[in-house]
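Reading through the structure tokens given below for one structure.
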Amino acid sequence: MIAQVIVDVPVNRTNRPFDYRVPDWLTPIINVGSRVIVPFGPRKLQGYVVGILTQSAEALESTRIKDVEQVLDDTPPLTAELLKMSEWMSKQYLCPWVTAVQAMIPAVLKGKSEKWLTATDALDEETCGNSGLLWELNRKRHLPLAEVEKQFPDEYMLVPGWIHSGLLATEYQVTDRITRKQQSFVKCLLEKEQLAEAIVSLPARAEQMRRVLLLFAEHEGQTFSVQMMRDEHGISRSPLKSLEAKGWIAIEQVEVYRDPYANRRFAEKPKPQFTPLQQEVLAPILQSVQSQSYASYLLHGVTGSGKTEVYLEAIEQTLEKGREAIFLVPEISLTPQMVERFKGRFGADVAVLHSALSSGERFDEWRKIIRKQVKVVVGARSAIFAPFQNVGLIVIDEEHESSYKQEETPRYHAREVAIWRAKENDAVLLMGSATPALETYALATRGRYTLLQMPDRVGNRPMPEVHVVDMREELQAQNRSMFSRKLHEMIEDRLRKGEQMVIFLNRRGFSTFVMCRSCGYTMRCIHCDISLTYHKTNHTARCHYCGYTIAQPAHCPECQSEHIRFFGTGTQKVEAELAKLFPGIRVIRMDVDTTSRKGSHEELLNKFRAGQGDVLLGTQMIAKGLDFPRVTLAGIIAADTSLHLPDFRAAEKTFQLLTQVGGRAGRHELEGDVVIQTYTPEHYSIIHATRHDYPAFYQDEMLQRRRTGYPPYFRLVLITFSHEDVPVVIRGAHTMADYLRPRMAQTTILLGPVASPIARVKDRFRFQVMLKYRDEPHLAELLAQATAAFEEWNKQQKVLMTIDVDPYVLL
DNA sequence: CGCCTAAAATAG
DNA sequence: TATTTTAGGCGC
């Protein structure tokens, strides 16, 4: 038997299966998808079985073939589907196959190959001499080399000599970080009558022992954890020991899952009556769930329209069909409230995966899935890889969120993977958003996804009234404060009424752009239609995409004002200003400084919910998913900061943020107001956000995208090169560009090579090439060939190249 | 000629 | 990626 194994060496040269002989004793447990240890060159490495050959094995065995050394798990961590998906990802995203595999399984399963020192038979007490290291090795027989270097730095240099003289040898060991939590459980060994007799026979003063036995008498056949006996019944360890000694009970170690929600009870929430709108959108979704064939939906519903209830119903019906469901949420909105909602509805059938879990907890949640002990997974991006065998539904909430794009290799987008997975399983894909990504909405209007609309809020609550304040007028009226008169007035009003507020600082724009404070003019690139970024060092304004640069003007080109300069502001500054203007105001500030500690995020929100603050002040993180009944005002200090980012999605992101923030106010009985402060009130993203008009925004933004040649009209590939020498990295970028140019379609545009916006990172200079294409059916193959050609050239250099398909961050 | 460092080759 | 092999540079 021959196993084809991909090994944990994530480079292109080794990105293919290697053949290994499977020794007879491993043939019963090895499988496609198994995690194995194999010798590779002089080392031992972890690898994954991607194929097994039983016939024509002899031919292959003639070559120099090595044996599989070990199979690491009883059941393979990779299902056939995941393996197939990883192969697709490696082609689609041009990453090593093994990298795609490792993205799918918990980090603790990634084994590390280590070099160890072992004592040979020649080493005994006599040969140890006065060496501390040799004595230690004589006792333990082997030690990790890294440990030796740390503990015996003086003797480390002597090691090669001892190896040469045959006292010591080196070997490799692959170790993973799997740990399993054990808990002690108590079981009664007595029959009913025996138990009664035993209770009577106990001496009067054996009070605790009696209580234990009575507990077993009361709950016949049940087992109790030692911890629970102690916490709830006040029974200490020693009476249990005594009972065990009598042979009446047994204390056993049982493996348990690490569950951060173990001690929480989740209230079962009754299913609500669906609104007519909800029923309307549910009908086709549920029909697809029933038919068990591929279907994809975009649920476009305003904030507060009750999308979550639609998701929950679709999931419930999927489970009733005997299939499994994956529910993806952006990391930020995977709050305890959300978890509560799912646990309340689906109880123990839910596994939760998010970044706040420890690696052990994450592993345990994952094991619940692969052991088929749960039917629903709620999680962030990587939950799309849940090892289910019969996925019937994939829901992507807040579909437009950029956190679905992974920014390291493999640079996948969870939405793309979800589409693949839904097709593969004849499953239903349901994406929901109040502000869909342009790419998604465009495909929905062209029929690739079925578009479902929920334009009204539940209970016909009105959308909040949006007030746009032109900050240029404030300046003219001698108001130099960061709060407009309107916002100032409304804050005072809410303070008087004892209602709560959310004040939002659009900190994305902290990277500085150049703007005229008098007329709102911002400097933009003449080629790319994006804002220029201010460069302090040489006082220039510069385009991040194409490299266009001009000197920072002293006067505004539009209105000649001198008030043209770079722009930015911080949460602490806002907090100080609030305290100054409204003495006694209670501000809960949420930013990197106040939320870095684990659990502090939640703590602050609870504080706000409990009414211990008048204002919740923060950046994006407060704009999503939060639902506070007493919030009646949402204020945005400077809407422009995200509008003028050097990013073709700047307008889209601004529209999304304004809509999300607006959605925070007036979700319940109290009606809400939204105040948007801006220097460019005439910008379409602000006008349409004010009117809650997504379709109008979509129309305007699509015109821009068509004009500038960005998605959805063109798709992008960003190729980034880095090297410590500028001339070398430039040559590398040109080598790649020169290979690609003659082989691309006529309609494909290759931009660059130009210096990357962040031109130097960790003392390496960065250049980039951007491909804009409309129709390149074989692009992945072309890029793979180009990569091979590049690597041929790169043999003498050490230029690093990364390829980002459909990039989000263009830095 | 031997020793050291750096680049190149290789991994089943 | 980590390791071994090979090549070449340099002092004596």
Side-chain angles (χ1 to χ4, degrees), chain A residues 1-24 26-27 30 32 34-72 90 94-103 107 109-118 144-149 156-157 159-161 163-164 168-176 408-410 722-725 728 731-732 762 764 787-803:
Chain A
M1 192 193 256
I2 300 291
Q4 300 182 296
V5 176
I6 52 168
V7 291
D8 184 15
V9 180
V11 290
N12 276 318
R13 287 185 58 83
T14 53
N15 186 28
R16 63 191 170 86
F18 289 85
D19 290 336
Y20 288 88
R21 186 187 297 110
V22 182
D24 290 344
L26 286 176
T27 52
I30 201 164
V32 173
S34 287
R35 205 161 57 103
V36 291
I37 294 172
V38 290
F40 194 72
R43 301 179 284 168
K44 278 178 203 164
L45 292 175
Q46 182 175 296
Y48 302 86
V49 178
V50 299
I52 285 180
L53 308 173
T54 43
Q55 278 122 25
S56 74
E58 306 85 49
L60 287 154
E61 290 201 57
S62 60
T63 61
R64 60 222 154 98
I65 192 166
K66 292 181 181 175
D67 278 11
V68 173
E69 184 160 306
Q70 223 183 113
V71 176
L72 287 163
S90 104
L94 297 128
C95 69
W97 192 353
V98 72
T99 315
V101 164
Q102 318 236 64
L109 292 185
K110 187 181 192 263
K112 185 161 103 240
S113 177
E114 272 181 316
K115 205 170 180 176
W116 287 59
L117 263 191
T118 42
L145 202 62
E147 194 108 325
V148 171
E149 192 175 3
Y156 188 66
M157 53 185 25
V159 168
I163 291 171
H164 189 75
L168 303 178
T170 54
E171 62 167 21
Y172 286 86
Q173 212 161 308
V174 178
T175 46
D176 57 30
E408 309 98 65
T409 319
S722 75
H723 191 271
E724 51 210 345
D725 297 324
V728 178
R731 265 185 281 137
K762 290 179 190 163
R764 296 178 70 91
T787 303
F790 172 80
E791 275 173 3
E792 189 56 36
W793 171 86
N794 200 28
K795 271 180 176 168
Q796 292 95 27
Q797 343 289 328
K798 277 180 297 193
V799 175
L800 283 181
M801 176 174 75
T802 58
I803 299 179

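All values below were derived from every heavy atom in this structure, side-chain atoms included, with hydrogens, water molecules and symmetry-related copies excluded. Just so we're clear, the structure is a prediction, and the values are computed from it rather than from any experiment. Every chain is numbered from 1 and lettered A, B, ... according to where its sequence line falls, protein lines coming before strand lines.
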In this structure, OG of S113(A) is separated from CD1 of I37(A) (nearest 0.5 Å) by 9.0 Å

Quick one: F40(A) CZ to dA9(B) C1', roughly how many Å, whole number? 13 Å

Nearest-Å distance for atom pair CZ/P, residues R13(A) and dG12(B): 13 Å

Does a side chain donor of either Q102(A) or Y48(A) reach within less than 3.5 Å of an acceptor in the other side chain? yes

Report yes if a side-chain nitrogen or oxygen of R16(A) is closer than 4.0 Å to either non-bridging phosphate oxygen (OP1 or OP2) of dG12(B); otherwise report no. no

E171(A): which residues meet the salt bridge (Lys or Arg N to Asp or Glu O under 4.0 Å) condition with it, sequence neighbours left out? none

Taking atom C1' of dG12(B) as reference, at what distance in whole Å does atom CD of E69(A) sit? 15 Å

Can you check each nucleotide of nucleotides 2-7 of chain C against protein heavy atoms at under 4.0 Å and return B for base, S for sugar-phosphate only, - for none, in 5' to 3' order? SSS---

Residues at least two apart in sequence or cross-chain that pass salt bridge (Lys or Arg N to Asp or Glu O under 4.0 Å) with K110(A), listed by chain then number, are D8(A)

Got a donor-acceptor contact below 3.5 angstrom from the Y20(A) side chain to the P39(A) backbone? yes

Rounded to the nearest Å, what distance is computed from the NZ atom of residue K795(A) to the P atom of nucleotide dT10(B)? 9 Å

Taking any heavy-atom pair under 4.0 Å as a contact, classify Y20(A): base, sugar-phosphate, or nothing. sugar-phosphate

Test side-chain contact (heavy atoms from CB on, under 4.5 Å) applied to W793(A) and R731(A), step by step: CA-CA 10 Å; W793(A) 171 86; R731(A) 265 185 281 137; 3.9 Å; yes

When rounded to whole Å, the NZ to P distance for the pair K66(A) and dA11(B) reads 9 Å

Please give, in whole Å, the distance from dA9(B) P to E791(A) CD? 14 Å

To the nearest Å, give me how far apart CG (N12(A)) and P (dT10(B)) are. 18 Å

